[in-house]
**Q** 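Would you mind keeping the following structure in view while I ask a few things?
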There are 2 protein chains.
Amino acid sequence: MKRPTMKDVARAAGVSPMTVSRAVSGEPGVSPGTAARVEQAVRQLGYQRNDNARNLRRKIPGTSTIGLVVDDLANPFYALMARSVEDEAHRRGCLVLVGSTNDEPRREREVIAAFTARQVDGLLLVPTIGGHGFLKQPMEGGTRVVCVDRPAKGLAVDTVTVDNRAGAERAVRHLLAQGHTRIAYLGDRFGIWTQRERHAGYRDALAAHGIPEDPALVRHDLRSRSDAAAALAALRALPGPPTALFTTNDVITMGVMGALGPADRVDVVGFDDFPLADRLSPPLSVVSQDPVALGATAAHLLFSRIDGDRSAPRSVVLLTRLIVRGPGQRGS
Amino acid sequence: MKRPTMKDVARAAGVSPMTVSRAVSGEPGVSPGTAARVEQAVRQLGYQRNDNARNLRRKIPGTSTIGLVVDDLANPFYALMARSVEDEAHRRGCLVLVGSTNDEPRREREVIAAFTARQVDGLLLVPTIGGHGFLKQPMEGGTRVVCVDRPAKGLAVDTVTVDNRAGAERAVRHLLAQGHTRIAYLGDRFGIWTQRERHAGYRDALAAHGIPEDPALVRHDLRSRSDAAAALAALRALPGPPTALFTTNDVITMGVMGALGPADRVDVVGFDDFPLADRLSPPLSVVSQDPVALGATAAHLLFSRIDGDRSAPRSVVLLTRLIVRGPGQRGS
DNA sequence: GTGAAAGCGCTAACAT
DNA sequence: ATGTTAGCGCTTTCAC
């Protein structure tokens, strides 16, 4: 059975399609009597307005739809962010298209192209490593863009990030204060902006204590829990193994903690907090960031752009918090 | 600056809009020469086809968009499912609109109405407690629906679930085999189908051992980690406290594990596995289900429906796996 | 308060 | 190989 249209409703109610349009969209100029007859026909036929057709003709531009493009929707961090974005959108009567990029520039382009082809009003983007020049033309066409978690190189748009470098520096400073001098760095691909920042923070802290960075203790490119576990094993097999670890995201932290036992005496600080992180042994300290705040802030920025804000692009930096666990506990 | 249309491209390339349409959509009947000129104009103007307008006119029906409606996108379980669905959709060149219901029937209706107004080809639905009669008319209009995780009462659609009852029964049987007789049940709202099933499995196991259900040991309506922690505290304050716990979802399990210490001697089995669950103490056994398989299976069913499969609705039941950890470890 | 005509951006069907 | 006409489902505009 085909979906009924306004014409069908009009016929059933004995009025013109235009009157149905007005009634269905709650516009003035429909007498209570006709409105009732229209509503009756609507219910009987199970009519629902086709918003795609509507948006095509409406003078008020926009589709009340935004696109959310993240690295990996399955990652709890982005999942929390996505939920927060969705809540803000829902509050505005806006829908959310989602896409994961896997950090592949090619998939990012495909997803974004499909989104803009659907005329999304805006894009909330966790940019991949690749360039983003291809966004220029959609933006001139009216698609608003806001970056979250990482900036997009060479793209003048609002950006919401956290103080990655300072957070990492504080984490490593904490380890140094515990007397550690051989602190390993376990990170994801160096191409990712957050990873470069966190690495810089690691170096900052070491430098402040006059400790040279030992390349043997620095591992990049850890893309999974098993990568991290393998890197840890390699580090511990070193002649001078590290006595403390700094892990730069939740996946790596989990990989490392999964490979450590209660008997292992290493101090670990990880970027990102997660449920039950406080119940592990050896104890795990974390640099905690707030994905919900990240998502909500970015969504607000995007919506104010969609609402017509044409001021210069802003950069919002949210703060991280060091949570020390185990002996030497401090709080913040 | 306004978005260019086919007319603009046609003018720039010195051809008719129809030729642009053919060229842009890769249809035959365009000479290489004109195709090149069109492509040139497209690039210069930054033209992108408006797929909403396109879908309006196309004979091939459909928008290549599906709607995913889950309880809570931030829950790691649904996040994994969502990612899996998105991957399947991406493979088919299909986009995904997401919405969380919070298990509120009203929000579910709003989200679904907004999705169908956008002419989604299908709906992947984790139904709320409420009724779903309102789906009848969209379905007659051609919107395909598949339920995941839970069935929708009184709705004849494909459904993908796990063997909740058997999984719960096996979990509790394991605890009984360890010699426990006072096994507490900590569950979410009883209105949720999975919870009723899991509770039935709990009773099955007890009954098989001739143990009557002790109402004092059964707690429903635990909706957060703190609810679970509070319920646990109440249980332990009982004159005859439980010696083992069965927790019926990841949130409750985390709440309980967060409140227990290594010194606590209780056996715990939880429904749902999660990262590092194997590193906790006291040890945590789990009934593990596979959210990725759940999502992928449901997506496959939905797409075959969208592709025209009109056979009778199917019910697919995936299997859970008991993972025993700590002393008494077995494997499956 | 209601309706007829035109057109949003695109494509099916029929020309040429 | 290319163009013309009509119309998808809706809303704008302007009549009455």
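In what follows, every chain begins at residue 1, and chains take the letters A, B, ... in the order their sequences are listed.
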**Q** What N/O pairs connect the protein and nucleotides 2-6 of chain D at under 3.5 Å? Give each pair on its own line.
**A**
unit_1 : atom_1 : unit_2 : atom_2 : d
D:dT2  : OP1    : B:S31  : OG     : 3.4
D:dT2  : OP1    : B:T34  : OG1    : 3.1
D:dT2  : OP2    : B:S31  : N      : 2.8
D:dT2  : OP2    : B:S31  : OG     : 3.3
D:dT2  : OP2    : B:T34  : OG1    : 2.6
D:dG3  : OP2    : B:S16  : N      : 2.7
D:dG3  : OP2    : B:S16  : OG     : 3.0
D:dG3  : OP2    : B:T19  : OG1    : 2.7
D:dG3  : N7     : B:R22  : NH2    : 2.7
D:dG3  : O6     : B:R22  : NH2    : 3.3

**Q** Could you tell me how far apart A:I60 (CD1) and D:dT11 (P) are, to the nearest whole angstrom?
**A** 12 Å
**Q** How many whole angstroms separate atom CG of A:D51 from atom P of C:dC8?
**A**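 My rounded result for the distance is 20 Å.
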**Q** Apply side-chain hydrogen bond (donor to acceptor under 3.5 Å, both in side chains) to B:S21 and list each qualifying residue two or more places apart in sequence or on a separate chain.
**A**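 Counting only residues at least two positions away or on another chain, B:S21 forms no side-chain hydrogen bond (donor to acceptor under 3.5 Å, both in side chains).
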**Q** For A:T116, enumerate each residue passing the side-chain hydrogen bond (donor to acceptor under 3.5 Å, both in side chains) test, keeping only those at least two apart in sequence or located in another chain.
**A** B:Q48
**Q** Over how many whole Å does the gap from A:K7 atom NZ to C:dA4 atom C1' extend?
**A**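 Checked: the NZ to C1' distance equals 13 Å.
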**Q** Run the side chain to side chain contact (heavy atoms under 4.5 Å, CB included) test against A:S84 and tell me which residues pass, sequence neighbours left out.
**A** A:V292, A:A296
**Q** Once you round it to whole Å, what is the distance between C1' of D:dT12 and CD of A:E27?
**A** 10 Å
**Q** Using whole Å, report how far CE of B:M6 lies from C1' of C:dA12.
**A**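 Rounded to the whole Å, the gap is 13 Å.
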**Q** Please, which pairs that meet ring-ring contact (aromatic ring centres under 6.0 Å, His included) have at least one residue in residues 48-94 of chain A, sequence neighbours excluded?
**A** none
**Q** Of A:V15, A:V30, A:T5, which is the lone residue that meets side chain to side chain contact (heavy atoms under 4.5 Å, CB included) with A:V20?
**A**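 Going through A:V15, A:V30, A:T5 one by one, the side chain to side chain contact (heavy atoms under 4.5 Å, CB included) with A:V20 is satisfied by A:V15 alone.
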**Q** How long is the line joining CG of B:N55 and P of C:dA12, in whole Å?
**A** 11 Å
**Q** Can you name the residues that form a ring pair (Phe, Tyr, Trp, His ring centres under 6.0 Å) with B:H132, not counting sequence neighbours?
**A** B:F134
**Q** 5'-most contact on DNA chain D: A:K59 or A:K2, nearest heavy atom basis?
**A**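 Going by which nucleotide is closer to the 5' end, it is A:K2.
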**Q** Checking the side chain of B:R305 only, and the main-chain atoms of B:S311 only, is there a donor and an acceptor separated by less than 3.5 Å?
**A**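 Present.
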**Q** Please identify each residue that fulfils side-chain hydrogen bond (donor to acceptor under 3.5 Å, both in side chains) with A:T128, with sequence neighbours left out.
**A**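 Scan of A:T128 (side-chain hydrogen bond (donor to acceptor under 3.5 Å, both in side chains), adjacent residues dropped) gives A:E108.
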**Q** Using C1' atoms of five pairs at each end, report the bend of the helix from C:dG1-D:dC16 to C:dT16-D:dA1 rounded to 10 degrees.
**A** 40°
**Q** I need the CZ-P distance between B:R58 and C:dT11, as an integer number of Å.
**A** 8 Å
**Q** Considering residues at least two apart in sequence or located in another chain, which fulfil the side-chain hydrogen bond (donor to acceptor under 3.5 Å, both in side chains) criterion with B:R109?
**A**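 None.
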**Q** A:N50 CG to C:dG9 C1': how many Å, rounded?
**A**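 These atoms are roughly 14 Å apart.
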